[in-house]
Each structure stands twice: as structure tokens, then as C-alpha cells.
2 protein chains.
Amino acid sequence: MKKLTLKDIASHFGVSISTVSKSLKDSSEISREVKVKIQEYAKEHHYKPNRVALNLLNKTTKAIGVIVPNILNYFFTQVFYGIEQSANARGYTIISCISDESYKKELQTVELLGSGIVDGIILSLSEETQARDNTEHLQNLIENHVPMVLFDRVTEKISCDKIVVDDFEAGYNTTKHLLKTGCNKIAIISTIYNSSVGKLRVEGYKKALRESGFNYDGKNVVEVGKNEDLQLLISLLLDNREIDAIIALDEMTAVDTLNILKLKGITVPDEISIVGFTNGRLSKYVSPALTMVSQHGKYIGELAANILVDRIEYEGEMPFTTKLVKTTLIERDSTKKDQ
Amino acid sequence: MKKLTLKDIASHFGVSISTVSKSLKDSSEISREVKVKIQEYAKEHHYKPNRVALNLLNKTTKAIGVIVPNILNYFFTQVFYGIEQSANARGYTIISCISDESYKKELQTVELLGSGIVDGIILSLSEETQARDNTEHLQNLIENHVPMVLFDRVTEKISCDKIVVDDFEAGYNTTKHLLKTGCNKIAIISTIYNSSVGKLRVEGYKKALRESGFNYDGKNVVEVGKNEDLQLLISLLLDNREIDAIIALDEMTAVDTLNILKLKGITVPDEISIVGFTNGRLSKYVSPALTMVSQHGKYIGELAANILVDRIEYEGEMPFTTKLVKTTLIERDSTKKDQ
DNA sequence: GTGAAAGCGCTAACAG
DNA sequence: CTGTTAGCGCTTTCAC
């Protein structure tokens with residue numbers, strides 16, 4: 001026994017398919033008697049209209065595709081959660097895919113989702129895509145008129161709706177804050193030096209230093225590759241120069257850095273302050289609890305879903321927008337108090 | 001300009017749709033000349049076959065639906081990650097939904113996914129579904145012959161493939177381990193007392209106590225509701241009885257418990273040992289690092305996806321299986337060493 | 001070599 | 001009131 005179709009029901013009662021269809025829609029065209037028996041039969045046999053057929057007919061799927069680089073990163077799971085909530089509230093399902101920071105997987109996924117199974121796409125570029133700066137697959141999507149919103153890791157080469165964290169300002173504000181607490185030998189530890197996000201934060205940091213009359217020293221920006229030893233790099237950093245604050249560009253690294261400093265017998269924040277990016281679950285549980293920059297992931301997700309659905313449902317022209325979401329510094333105990 | 005279809009290409013060249021279809025499949029029926037020009041045109045215009053149409057035709061979508069109660073829980077995100085990896089490797093896409101621990105949302109999602117848009121479903125019951133013990137929606141799915149695999153939070157009422165963590169043994173082993181390290185006044189803090197998982201762990205705990213000749217005391221099992229104050233409950237527990245070990249049934253609670261004990265000036269593990277469930281990212285970063293029970297989330301996800309795909313693709317009978325996945329105790333510094 | 005026709009499951013306009 | 005028809009986009013026989 002396979003899935004029940006209208007045809008099956010029709011032949012069971014010896015009526016036409018459209019009679020069944022109308023009956024199930026409780027159309028006034030159909031006699032009470034027939035409707036009732038068909039409805040009962042359908043209910044009894046758990047008839048469900050085939051959504052794939054409806055999708056084909058309606059040329060809409062009420063689904064949106066989400067592609068994030070990495071679900072194990074708390075920022076993205078928060079965004080994902082926000083998207084899910086908002087999309088659902090507006091009657092859309094989510095098809096979610098993970099690019100795993102790989103260009104190839106992102107490409108494949110985009111091609112798949114672009115082939116009609118979703119009404120629109122929300123995406124954050126994979127690391128590799130940003131490094132290679134190859135965005136043809138996204139251009140194709142645009143040309144095929146698939147609505148898309150890019151968030152967090154975006155590219156200028158594509159015109160579409162975007163939501164970006166104000167990473168420049170975040171870098172600037174974070175640095176400013178550290179300066180105000182009396183730190184001025186500030187280092188950055190970046191695991192995302194290939195991404196727009198990472199670069200912008202560093203730019204903001206430079207600007208803040210410059211404004212306060214300090215020189216930017218490239219050696220103070222430590223780039224940590226995937227398989228590199230953070231502990232070694234930090235030791236190198238601290239051996240060669242005096243440092244009184246460290247900005248870690250992701251949560252994991254912030255926590256790792258804290259532990260490494262503790263291991264070295266350096267007190268936080270008295271000797272070195274730490275600020276990390278992404279206010280996830282780790283940072284408030286370590287001791288001292290870490291001061292973090294929150295990017296409001298859930299909010300970004302909600303925004304992305306709403307903008308996308310607006311575009312999907314709105315007939316006619318709508319200019320593309322880029323929303324800049326401000327970050328918030330959550331002060332805890334790994335930085336000194338502003339005096 | 002809308003999406004390009006075979007029809008569009010056909011009328012552009014004044015040929016029939018089937019000629020175009022065959023050309024794009026490089027069929028030997030079609031003349032070299034025609035094929036080439038059609039293929040080129042298609043490539044140039046980024047023609048993509050409409051997947052929805054193909055799905056309808058093939059009666060298969062190469063997609064699997066995943067419903068997890070809560071993506072913010074690290075165990076589930078690990079499972080999700082495992083599913084995504086394995087499913088992808090086998091050529092399937094994931095449609096993921098979050099039930100948010102709500103029966104209603106789970107029901108809606110199941111109905112949606114059961115209507116033909118996926119070839120099979122992987123699901124872990126929402127808390128509310130388990131509490132109400134209402135699984136009719138799943139029974140419908142089975143009757144409609146939608147392949148399904150249940151994991152972690154399962155129900156006996158449904159016959160299908162299942163993957164369960166050996167929570168009974170986990171509770172048993174954890175307790176045994178604590179007993180061996182000299183603790184015998186062991187409390188449990190449970191935020192999941194409504195779920196099968198939570199109950200099994202407590203049963204295992206009872207058995208271990210019994211075997212070692214200790215009485216089970218219901219007052220030592222603290223049930224923490226959603227809005228209840230953990231700190232208060234722990235104070236109450238410790239004021240009323242002597243406790244030398246605490247088993248927390250989720251990671252968050254384990255970390256919270258540790259912090260509360262520290263606040264109270266109780267040293268861990270000397271005065272009280274702590275073991276937590278779900279080996280996530282928090283536990284190894286707090287100090288002392290927490291001894292945790294790992295449920296191997298990613299592995300469970302991979303297993304679930306593989307079993308489901310096997311069932312989807314295998315024609316003919318296949319008995320339902322229930323896989324029991326063993327947990328592993330990851331010893332860190334919140335428990336005393338086995339002497 | 002190329003095209004017409006049927007059909008996947010469904011809806012809607014139009015006949016009867 | 002009920003049925004026929006066309007069509008969503010595609011593939012696949014089967015004619016020509």
C-alpha cells in the first residue's frame with residue numbers, strides 16, 4: 001500500500017478526481033451526502049494532499065533555504081534559531097544546510113536550493129568562498145531571480161539584501177573601551193583573518209588606536225590557522241612585546257586565551273585584559289567571566305527571515321537594503337572597570 | 001523574466017520539449033548539431049531542471065526531515081551535525097525543524113514533512129510529547145509508510161527504527177564510578193524528569209545504589225522545573241542532608257551546580273564531586289573541569305541518517321532495529337580518582 | 001532524428 | 001451537482 005491519492009479515493013467511490021478534490025475543500029458545489037462520505041473516508045485513511053504536487057502547481061514551496069558555514073559555532077546556531085522562529089511564524093519551513101566552510105559544498109548547496117525547492121535563500125559565506133572571492137554561484141542565483149539575503153559574511157559583488165554586524169564599529173568600540181580602562185598595548189588574536197568580518201574588526205581597532213595617538217603594529221595582530229598552536233603563538237607574542245590587553249575574535253579563542261594566561265601565571269584582568277567576540281555560553285561560566293561582544297545572533301536571524309519573506313511575498317520592485325546591526329559590549333570580569 | 005524551463009528553450013529553437021530534454025541528457029537520439037546548440041544555450045542561461053517537477057515525477061525527493069526538540073542544546077546540535085554529514089554523503093538533503101519542546105509544533109511539523117516533501121524522517125520527541133504520551137501523529141506517519149527513525153527520546157508505542165543512548169547503564173555506571181571513588185551520598189539534579197531519558201538514568205542510579213547496599217532516597221533526586229531556582233533547590237538539598245556527590249542530568253545544570261557550590265565555599269571534588277551529562281563545550285573550560293558523560297551525539301546522528309537511508313533505499317522487508325549506544329565517562333577534575 | 005502523448009498529484013476554469 | 005480539461009515542468013515510451 002502506497003500513499004493515498006485523490007485518484008485512489010475517486011476510484012474507490014467511482015467518482016471523478018475533481019469531485020473528491022472539491023469535497024475535501026468542502027466546496028458548496030458538491031452535495032452534502034457525497035462530501036460527507038468522502039471526507040470521512042479521507043480522514044479515516046489519513047489522506048494528506050501531496051505537497052510536492054502543490055508546490056509544482058503553485059510554483060511556490062513556502063520553504064526557505066538556509067546555508068550557514070558551521071552549526072557548531074554558537075553565533076550561527078543562534079542566527080539559525082532566530083530564522084527558524086520568524087520563518088515559522090510567517091508560515092515558512094526551513095531547509096537548512098551547512099557549507100562546512102567549504103566553497104565546493106556551498107556551491108553544491110546553492111545549486112540544489114536554487115532549483116525550485118525553496119522560495120528564497122539566507123546565506124552566510126563560507127570561509128573558503130570569502131578567501132577565493134568566488135561568488136559566481138550567487139550571481140547565478142540572482143540572475144535566476146531567487147530572492148536571497150546574505151548575513152554576517154557578505155560580499156560586495158552581489159546585489160541583494162544584506163544584514164551585517166557592524167564589525168568595524170565593534171572593533172573600534174572594543175578597542176576604545178580597553179583604552180579607557182588604561183590598556184594601550186592591545187593585541188588581537190584572529191582565527192578569521194580571511195573573512196570580511198575579521199578584517200573589519202581589525203580596521204576598527206586600528207582607527208581607535210590612531211585616534212588615541214598610538215601606533216598600529218602589525219605584529220600585535222596574531223593570525224591563528226586551523227592547525228596552529230595557540231599556546232605557542234601567545235607565548236611568542238608575549239615574549240616579544242609588552243601586552244596589556246588581548247581581543248580574541250571568537251569565543252573559543254577567548255576562553256583558550258584565558259586559560260593559557262592563567263597557566264602562565266598571568267592575572268586577568270590586572271596584568272592583561274581580555275575581550276572576546278560572540279557572547280555564547282562559554283564566556284560567562286569561566287572565571288573570571290569574560291567580557292564579550294554580543295552580535296545579537298538571534299535578532300539577526302529574525303531580521304533575515306523577515307526581510308526575505310517580505311521580498312518573496314512582495315510583488316514589484318523593492319530596493320535592496322543593507323542593515324547594519326550594532327554590537328553590544330557585555331562587561332564582565334576579564335576587563336578592568338572604566339575609570 | 002522568470003525561471004527558464006524546457007518549454008522556453010524549446011520555443012526559442014522552435015523544437016519540441018522532448019528534443020530539448022533529450023539534448024540536455026546528451027541522448028544519442030539527437031543530432032550532434034542540435035544537441036550542441038541547445039546545450040550551449042542552456043549553459044549560458046544557467047538552466048536548472050526544476051527539482052519540484054522531478055520530485056513529483058520520481059516520487060522521491062532525496063531529502064530527509066529532521067525534527068529536534070531544541071537546537072540550542074549541544075547534544076542535539078551534535079546529532080544534527082552528524083545527520084547532516086552522513087545524509088549528505090549519501091546524496092540527501094536535510095530539512096530541519098525544531099519542535100521547541102512543544103507537542104503542537106512537533107505535530108504540525110510531522111504533518112508537513114509527512115506530506116511528500118521528504119523521503120523519511122529522523123525525530124527526537126519533544127518534552128511535551130513525552131509528558132502527554134501522545135504519539136498518534138507518529139502512528140499516522142508509520143501508516144502512511146513514511147520511513148522514520150527515532151533517536152534519544154523515543155517511545156515504545158511506535159514500531160520503527162530507533163537509536164537510544166543506554167541511559168540506564170549510563171546512570172548505573174556513573175553512580176558506580178562515584179561509589180568507587182568513595183562517594184555514597186549521591187544526589188541527582190534533573191531538569192528532564194518528564195523524559196524517558198531522565199527516568200532511565202535515575203533507574204540506573206537506583207540499581208547501582210541497591211547493588212552496593214545503599215538505600216535509594218527519593219529526596220536525593222531533585223527535579224528542577226523550567227522557572228525554578230536551582231540555587232535555592234541546591235541549598236535546600238544540602239541543608240537537609242549530607243551529600244558527597246551530585247549527578248547533573250544536563251551540561252548547563254552541571255556547570256551551574258559547580259558555580260553554586262563554589263559560591264557556597266564548598267570545594268569540588270573534595271567535599272562534593274560532580275558528574276554531568278552531555279559532554280559539550282562548557283565542561284572542559286570551567287575549573288575544575290567537569291567529569292562528564294558523553295553520549296556521542298555526532299555518532300548517533302550519523303547512525304540515524306545511515307539507518308534511515310538504508311530503509312528508504314532498500315526495497316522489501318527489513319526488520320526494525322533498536323540500536324543502543326553506550327556512553328563514555330570522561331573523567332576530569334570534578335570527581336576524585338578511583339582508588 | 002524529432003515530436004506527440006501520457007503521466008507524476010493536484011487545482012481551477014469550464015461544461016454539462 | 002458532477003465531470004472534463006488543461007496545465008504546473010519534467011521524463012519516457014512510442015510513433016512518425
Side-chain angles (χ1 to χ4, degrees), chain A residues 1-39 41-42 45-63 112 114-119 144-146, chain B residues 1-39 41-42 45-63 112 114-119 144-146:
Chain A
M1 173 186 138
K2 40 152 203 147
K3 283 203 95 185
L4 195 65
T5 68
L6 288 189
K7 201 182 183 180
D8 299 331
I9 303 183
S11 71
H12 177 259
F13 286 108
V15 296
S16 77
I17 294 178
S18 50
T19 302
V20 178
S21 174
K22 286 171 187 159
S23 297
L24 295 179
K25 300 209 112 57
D26 212 25
S27 157
S28 56
E29 285 181 47
I30 308 293
S31 71
R32 198 150 186 67
E33 202 189 4
V34 176
K35 272 200 300 197
V36 169
K37 75 177 181 192
I38 288 182
Q39 285 171 3
Y41 183 86
H45 293 261
H46 304 118
Y47 169 76
K48 295 259 171 52
N50 181 326
R51 258 224 150 51
V52 175
L54 289 176
N55 289 346
L56 180 58
L57 197 60
N58 301 330
K59 294 168 131 198
T60 173
T61 60
K62 285 286 192 176
L112 176 75
S115 61
I117 61 180
V118 296
D119 294 344
N144 274 324
H145 299 92
V146 180
Chain B
M1 174 186 138
K2 43 153 201 150
K3 286 200 93 184
L4 195 65
T5 68
L6 288 189
K7 202 180 183 181
D8 299 330
I9 303 182
S11 69
H12 177 260
F13 287 108
V15 296
S16 78
I17 295 178
S18 46
T19 303
V20 178
S21 174
K22 284 171 188 162
S23 298
L24 294 178
K25 299 211 112 57
D26 211 23
S27 157
S28 56
E29 285 181 49
I30 308 294
S31 69
R32 193 146 191 68
E33 200 189 8
V34 175
K35 272 199 298 199
V36 169
K37 74 177 183 192
I38 289 182
Q39 286 170 3
Y41 183 86
H45 293 261
H46 305 117
Y47 169 76
K48 296 261 170 51
N50 180 327
R51 245 180 210 275
V52 175
L54 288 177
N55 290 346
L56 181 58
L57 196 60
N58 301 330
K59 294 167 133 199
T60 172
T61 61
K62 285 285 192 176
L112 176 75
S115 62
I117 61 180
V118 295
D119 294 344
N144 274 324
H145 299 91
V146 180

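Both backbone and side-chain heavy atoms feed into the values below; hydrogens, waters and symmetry mates do not.
A/Ile38 has its CD1 atom 13 Å from the P atom of C/dC10, to the nearest Å. Per the geometry, CG belonging to A/Asp8 stands 8 Å off P belonging to C/dG9, to the nearest Å. Taking atom CZ of residue A/Arg32 and atom P of nucleotide D/dT2, one finds them 13 Å apart after rounding to whole Å. As rounded to whole Å, 11 Å separates atom C1' of D/dA6 from atom CG of A/Leu57. Rounded to a whole Å, the CG atom of B/Asp26 is 17 Å from the C1' atom of D/dT12. Distance A/Leu6 CG to C/dC8 C1': 13 Å, rounded to the nearest Å. C/dT11 atom P lies 12 Å from atom CG of B/Leu56, rounded to whole Å. Rounded to whole Å, atom C1' of D/dT12 lies 15 Å from atom CG of B/Leu24.
In summary, the side chains of A/Thr60 and A/Asp119 do present a donor paired with an acceptor at a separation below 3.5 Å, with no hydrogens or angles considered.
Nearest-nucleotide mapping onto DNA chain D: of A/Ser31 and B/Lys48, the residue sitting toward the 5' end is A/Ser31. Sequence order on DNA chain C of the closest nucleotides to A/Asn50 and B/Ser16 puts B/Ser16 first from the 5' end.
The nucleotide whose nearest atom lies closest to any side-chain atom of B/Val15 is, among C/dG3, D/dC10, C/dT11, C/dG3. Nearest to the side-chain atoms of B/Ile30 among the listed nucleotides C/dG9, D/dG9, C/dT2 stands C/dT2. When the nucleotides C/dG9, C/dC10, D/dT11 are ranked by their closest atom to the side chain of B/Lys59, C/dG9 comes out on top.
Side-chain N/O atoms of B/Thr5 include none lying less than 4.0 angstrom from OP1 or OP2 on D/dC8. The shortest distance between the side-chain N/O atoms of A/Lys35 and the OP1/OP2 oxygens of D/dC1 is not below 4.0 Å.
Here the closest heavy-atom approach between residue B/Asp8 and residue B/Ser11 is recorded as O-OG, 3.1 Å. Shortest non-hydrogen contact noted between B/Ala42 and B/Leu24 is CB-CD2, 3.6 Å. What you find for B/Asn144 and A/Lys3 is that their closest heavy atoms are O-CG, 3.8 Å.
Of the inter-residue distances, the one linking B/Lys35 atom NZ with B/Ser27 atom OG reads 6.5 Å to the nearest 0.5 angstrom.
The shortest distance between side-chain heavy atoms of B/Ile38 and B/Ile9 falls below 4.5 Å. A/Gln39 has its side chain within reach of A/Asp26: a pair of non-hydrogen atoms, C-beta onward, lies under 4.5 Å apart.
The main-chain N or O of A/Asn55 is never found under 3.5 Å from a side-chain atom of A/Thr61 such that the two would form a donor-acceptor pair.
In this structure, B/Val34 reaches the sugar-phosphate backbone alone: every heavy-atom distance under 4.0 Å involves primed, P, OP1 or OP2 atoms, never a base. Across all strands shown, B/Tyr47 has heavy atoms under 4.0 Å from sugar-phosphate atoms exclusively, and none from any base. If you check every strand for non-hydrogen atoms under 4.0 Å, A/Leu54 touches sugar and phosphate atoms only.
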Tabulate atom names and distances for all N/O pairs under 3.5 angstrom spanning the protein and nucleotides 12-16 of chain C.
none

